[in-house]
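When reading the values below, keep in mind they use all heavy atoms of this one structure, side chains included, and skip hydrogens, waters and symmetry mates.
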Amino acid sequence: MLHRPQDAGMPKPSPTAKPATTASKIAKTELVDRVAAETGLTKKQAGDAFDALIDGIVSGLKNGQSVGLPGLGTLSVRATAARTGVKPGTSEKIQIPAGKKVGFKVASALKDTL
């Protein structure tokens, strides 16, 4: 990092601080447009295919299955244990029931790409 006089009074970032990201979110319409462009499908057909893919992923997760997305990673449902938490503002202890959450394990091919 170059030292510039105007930076003299500014604090240095912490070595453990996360870098600011400028990544933007890709909307469903952008993905559908890309599928349509790369496959020759109409946007309607690409949208239907995209919706079917998402429905298949959700259905698999609801059935307790892991869903592998080659080159991307694996989605799976994980059980969470019941635990005691603290209610913000009041510091009251509350019991948080056991539940489920979706976990994602990134594929090594994607890790290597990034």
Side-chain angles (χ1 to χ4, degrees):
M1 184 168 138
L2 297 174
H3 178 72
R4 295 181 295 226
Q6 67 266 28
D7 294 339
M10 298 186 68
K12 292 182 181 178
S14 166
T16 58
K18 293 181 180 177
T21 58
T22 57
S24 61
K25 184 176 175 181
I26 297 175
K28 175 185 173 182
T29 55
E30 293 175 89
L31 292 171
V32 169
D33 289 346
R34 186 165 181 170
V35 169
E38 291 188 19
T39 62
L41 296 172
T42 66
K43 288 184 182 182
K44 169 84 170 102
Q45 291 170 326
D48 291 344
F50 185 85
D51 290 339
L53 174 68
I54 298 301
D55 289 344
I57 292 170
V58 171
S59 176
L61 292 172
K62 279 184 179 179
N63 292 330
Q65 298 172 306
S66 292
V67 180
L69 302 169
L72 192 62
T74 303
L75 291 159
S76 60
V77 177
R78 298 179 184 165
T80 60
R83 61 197 186 279
T84 302
V86 178
K87 193 172 189 177
T90 64
S91 299
E92 174 188 351
K93 292 192 179 210
I94 58 172
Q95 189 62 29
I96 301 169
K100 296 177 183 178
K101 68 177 183 175
V102 176
F104 182 73
K105 182 176 179 186
V106 179
S108 58
L110 179 58
K111 282 183 189 177
D112 295 342
T113 301
L114 301 176

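- For E30, there are no side-chain hydrogen bond (donor to acceptor under 3.5 Å, both in side chains) partners two or more places apart in sequence or in a different chain.
- Evaluation of the salt bridge (Lys or Arg N to Asp or Glu O under 4.0 Å) rule for E92 yields no partner, not counting sequence neighbours.
- Residues passing the side-chain hydrogen bond (donor to acceptor under 3.5 Å, both in side chains) test with K105: none are found, sequence neighbours excluded.
- Within 6.0 Å of the CD1 atom in I94, the count of heavy atoms belonging to other residues, nucleotides or ligands exceeds 12.
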Identify all side-chain donor-acceptor contacts of residues 41-53 below 3.5 Å with residues at least two apart in sequence or on another chain.
residue	atom	partner	partner atom	Å
T42	OG1	Q45	N	3.0
T42	OG1	Q45	OE1	3.4
K44	NZ	D48	OD1	3.3
K44	NZ	D48	OD2	3.2
Q45	OE1	T42	N	3.0
D51	OD1	K28	NZ	2.6

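- Hydrophobic clustering, with ILVMFWY side chains joined whenever heavy atoms are under 4.5 angstrom apart, keeps V86 apart from I96.
- Applying the side-chain hydrogen bond (donor to acceptor under 3.5 Å, both in side chains) definition to pairs two or more places apart or across chains, those involving residues 56-85 are T84-Q95.
- Residues satisfying the side-chain contact (heavy atoms from CB on, under 4.5 Å) criterion with L114, sequence neighbours excluded, are L110.
- In the hydrophobic clustering of this structure, V106 groups with L72; members are Ile, Leu, Val, Met, Phe, Trp, Tyr whose side-chain heavy atoms approach within less than 4.5 Å, directly or through other members.
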